[in-house]
2 protein chains.
Amino acid sequence: MELGKAEDIAQSLRQKIMSEEIQSGTRLNSERDIAEEYHTSRMTVRRALEILEGEGLITRHPSRGSFVGGTRERILVDKGREISNAVTASELRLSGSFIKDMERLGRKPQVQFLEQPSLVAADTQIAEQLKIKEGDLVFKRYRLQIADNLPYRLIESYYPSDLFGELLTINIGDKPLFQWLQERHKIKVTHAKENLIARLATPSERQLLKISPSAPIVAVDRTVQTNVNRPVEFAHIIAVAALYIFTYDYDITEWNGEKKA
Amino acid sequence: MELGKAEDIAQSLRQKIMSEEIQSGTRLNSERDIAEEYHTSRMTVRRALEILEGEGLITRHPSRGSFVGGTRERILVDKGREISNAVTASELRLSGSFIKDMERLGRKPQVQFLEQPSLVAADTQIAEQLKIKEGDLVFKRYRLQIADNLPYRLIESYYPSDLFGELLTINIGDKPLFQWLQERHKIKVTHAKENLIARLATPSERQLLKISPSAPIVAVDRTVQTNVNRPVEFAHIIAVAALYIFTYDYDITEWNGEKKA
DNA sequence: GAGTGGTCTAGACCACTAT
DNA sequence: TAGTGGTCTAGACCACTCC
């Protein structure tokens with residue numbers, strides 16, 4: 001018992017899943033049954049299942065059971081250049097296209113506004129990112145994106161009010177936000193910068209995304225730049241890690257990491 | 001008790017940590033003491049501490065205790081363009097510069113080869129990524145990168161043997177691998193593609209990286225392309241999520257996600 | 001109403017660290 | 001040797017789903 005009982009059970013189940021002895025979509029035996037099968041207590045089995053869930057091999061649902069396979073495929077989110085032959089949801093960089101992308105993937109998308117979009121005063125971080133003064137008004141959207149009744153991610157986004165304030169009163173439908181920006185203000189988005197970290201979710205994130213305490217999330221801070229050298233969006237995104245693959249394609253212009261300090 | 005006792009305790013401790021009532025670096029009371037303090041069982045306290053650990057607010061050490069604050073700062077890993085005013089470890093895209101970058105950050109770097117570098121037969125995935133035939137020989141390196149005695153990441157990397165095979169017998173020191181490639185074979189690396197997912201670690205990963213079962217990792221698959229339209233590296237990287245921030249900067253050339261199917 | 005996962009309890013033994 | 005976190009046990013109650 002090198003690694004502990006929970007680990008042993010996880011390994012045993014992992015092998016059965018990998019070898020497709022237990023097929024994808026199948027329900028596992030109940031925690032109580034597995035405990036009996038392995039002559040151990042239920043808490044230990046739960047530990048094993050938590051491990052497999054964290055690895056993305058199984059999904060667990062209260063009152064229903066544990067099932068082999070992720071709830072669904074991870075979504076590809078690509079950045080920068082084209083990516084050819086993959087099912088691609090290029091939506092992370094394209095405000096407003098979550099719905100379209102999900103429909104293209106055959107899912108039932110849904111967007112839930114957790115707050116009424118409104119004008120709020122910029123705090124220190126938002127002011128710094130949007131290059132405005134603290135306290136300046138910004139247009140805020142706070143929403144939850146869902147597909148097939150499964151929460152995918154939380155997006156808290158801020159936009160300069162002089163450019164976007166009128167969105168309080170007009171409705172652009174599902175037209176991409178930045179397409180509207182160009183048509184309305186002749187400003188083009190040119191590039192984006194993202195900082196990405198992975199961690200476990202906080203309680204409020206867990207609650208909104210309906211994930212278990214041991215499920216990791218990916219937190220992305222994004223700023224979007226324009227051809228007039230002015231940021232037009234700062235967004236804080238919390239994505240359910242198990243549902244995403246992030247794809248990046250970037251140029252290498254130098255191999256020498258040295259920089260002037 | 002809306003969210004459960006463990007959540008309540010985590011919230012209580014979280015607040016004390018955030019408000020600096022408990023200062024960074026301080027040891028928390030023992031799990032048994034906290035259990036008594038909150039009139040609960042030790043398992044519930046452990047659940048609370050697991051939550052805080054996953055969020056990166058505390059660190060736990062067997063036989064020693066739980067301490068406020070992450071082990072160290074997250075490292076910035078940037079991609080693509082320059083990023084100006086940040087402490088930047090641009091090393092992920094630069095084979096061979098982990099040591100230099102860590103030294104620049106004032107850390108004590110160390111690289112541990114888990115296997116002797118060798119020529120192995122390419123499996124299906126490697127062959128596909130490097131655009132060679134299955135069974136062709138590839139140069140394999142499998143190593144663990146450590147800083148200040150703390151494992152940072154595992155790298156399993158493969159290179160075409162016709163270009164890199166001679167590295168079995170010669171030693172290029174700490175010269176970046178791709179700089180050597182250009183000098184030796186006049187081949188320049190031009191861009192890289194990365195797929196990134198976050199999940200919990202598998203047992204073997206946990207063991208090598210010395211992290212707890214609930215600690216998330218970031219798995220990156222990377223292929224490096226060259227000016228002769230030929231991939232020269234395929235790497236599978238497992239990074240301890242708590243130690244990294246990934247930074248990407250990319251152009252937006254279109255806002256329309258539509259593509260020909 | 002039977003069965004499920006989510007949570008909690010009050011113990012226990014272990015390997016390891018610090019003194 | 002006393003104290004720590006890591007692991008495990010054998011129960012328990014709850015809210016919920018499915019039949």
Side-chain angles (χ1 to χ4, degrees), chain A residues 1-13 25-54 57-69 71 149-150 200-201 203 206-207 209-215, chain B residues 1-13 26-54 57-69 71 149 200-201 203 206-207 209-215:
Chain A
M1 206 163 307
E2 266 294 288
L3 301 156
K5 272 196 184 179
E7 210 56 273
D8 289 348
I9 296 169
Q11 182 55 41
S12 169
L13 293 172
T26 315
R27 216 204 70 176
L28 292 177
N29 291 336
S30 77
E31 296 175 350
R32 289 162 179 87
D33 288 349
I34 297 175
E36 198 172 346
E37 184 181 343
Y38 286 93
H39 305 290
T40 185
S41 74
R42 197 182 143 212
M43 283 302 285
T44 304
V45 172
R46 283 184 61 72
R47 190 78 204 83
L49 295 184
E50 272 174 29
I51 290 170
L52 297 177
E53 182 185 31
L57 287 176
I58 67 169
T59 317
R60 300 154 90 204
H61 300 283
S63 314
R64 296 185 46 221
S66 299
F67 297 82
V68 176
T71 332
N149 295 316
L150 188 78
L200 298 193
R206 272 207 292 287
Q207 202 171 7
L209 294 170
K210 292 183 189 155
I211 54 178
S212 76
S214 59
Chain B
M1 203 163 310
E2 264 296 289
L3 301 157
K5 273 196 184 180
E7 211 57 273
D8 290 348
I9 295 169
Q11 183 53 42
S12 170
L13 293 173
T26 315
R27 215 204 69 173
L28 292 176
N29 291 335
S30 77
E31 296 174 350
R32 289 163 179 86
D33 289 350
I34 297 175
E36 199 172 346
E37 184 182 341
Y38 286 92
H39 305 290
T40 185
S41 75
R42 196 180 144 216
M43 283 302 286
T44 304
V45 172
R46 283 184 59 72
R47 190 76 205 87
L49 296 184
E50 272 174 29
I51 290 170
L52 297 177
E53 182 186 29
L57 288 175
I58 66 169
T59 319
R60 300 154 91 202
H61 301 283
S63 313
R64 297 184 48 220
S66 298
F67 297 82
V68 176
T71 332
N149 294 317
L200 299 194
R206 274 208 291 287
Q207 205 170 6
L209 294 170
K210 291 183 188 157
I211 54 178
S212 75
S214 59

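Labels below follow one simple rule: chain letters A, B, ... track the order of the sequence lines, proteins then strands, and each chain is numbered from 1. All values below come from the heavy atoms of this structure, side chains included, with hydrogens, waters and symmetry mates left out.
Taking the salt bridge (Lys or Arg N to Asp or Glu O under 4.0 Å) definition, one finds that A/Arg46 meets it with A/Glu31, sequence neighbours left out. By the salt bridge (Lys or Arg N to Asp or Glu O under 4.0 Å) test, B/Glu37 pairs with B/Lys16, sequence neighbours left out. The side chain to side chain contact (heavy atoms under 4.5 Å, CB included) test applied to A/Thr26 returns A/Ile22, A/Gln23, not counting sequence neighbours. Legend: residues meeting side chain to side chain contact (heavy atoms under 4.5 Å, CB included) with B/Ala48, ordered by chain and number and at least two apart, are B/Ile9, B/Ala10. Considering only residues two or more places apart in sequence or on other chains, B/Ala6 meets the side chain to side chain contact (heavy atoms under 4.5 Å, CB included) condition with B/Thr44, B/Arg47.
In this structure, the CG atom of A/Asp33 is 13 Å from the C1' atom of C/dG5, given to the nearest Å. Atom CD of A/Glu7 and atom P of D/dG6 are 14 Å apart (whole Å). Rounding to whole angstrom units, CD of residue B/Glu50 and P of D/dG5 are separated by 13 Å. In this entry the distance linking CG of B/Leu49 with P of D/dG6 reads 9 Å, nearest Å. Rounded to an integer number of Å, the gap from A/Glu53 CD to C/dG6 C1' is 12 Å. Nucleotide D/dC8 holds its P atom 9 Å from the CZ atom of A/Arg47, rounded to whole Å. The nearest whole Å value for the distance from the CD1 atom in B/Ile9 to the P atom in C/dC8 is 8 Å.
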- With B for base contact, S for sugar-phosphate-only contact and - for none (protein heavy atoms under 4.0 Å), nucleotides 9-19 of chain D reads BB-BB--BSS-

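B/Arg206 places a side-chain N or O within donor-acceptor distance of the main-chain N or O of B/Ala201, the cut-off being under 3.5 Å.
Proximity of B/Arg46 to the phosphate of D/dG6: a side-chain N or O atom is located under 4.0 Å from OP1 or OP2.
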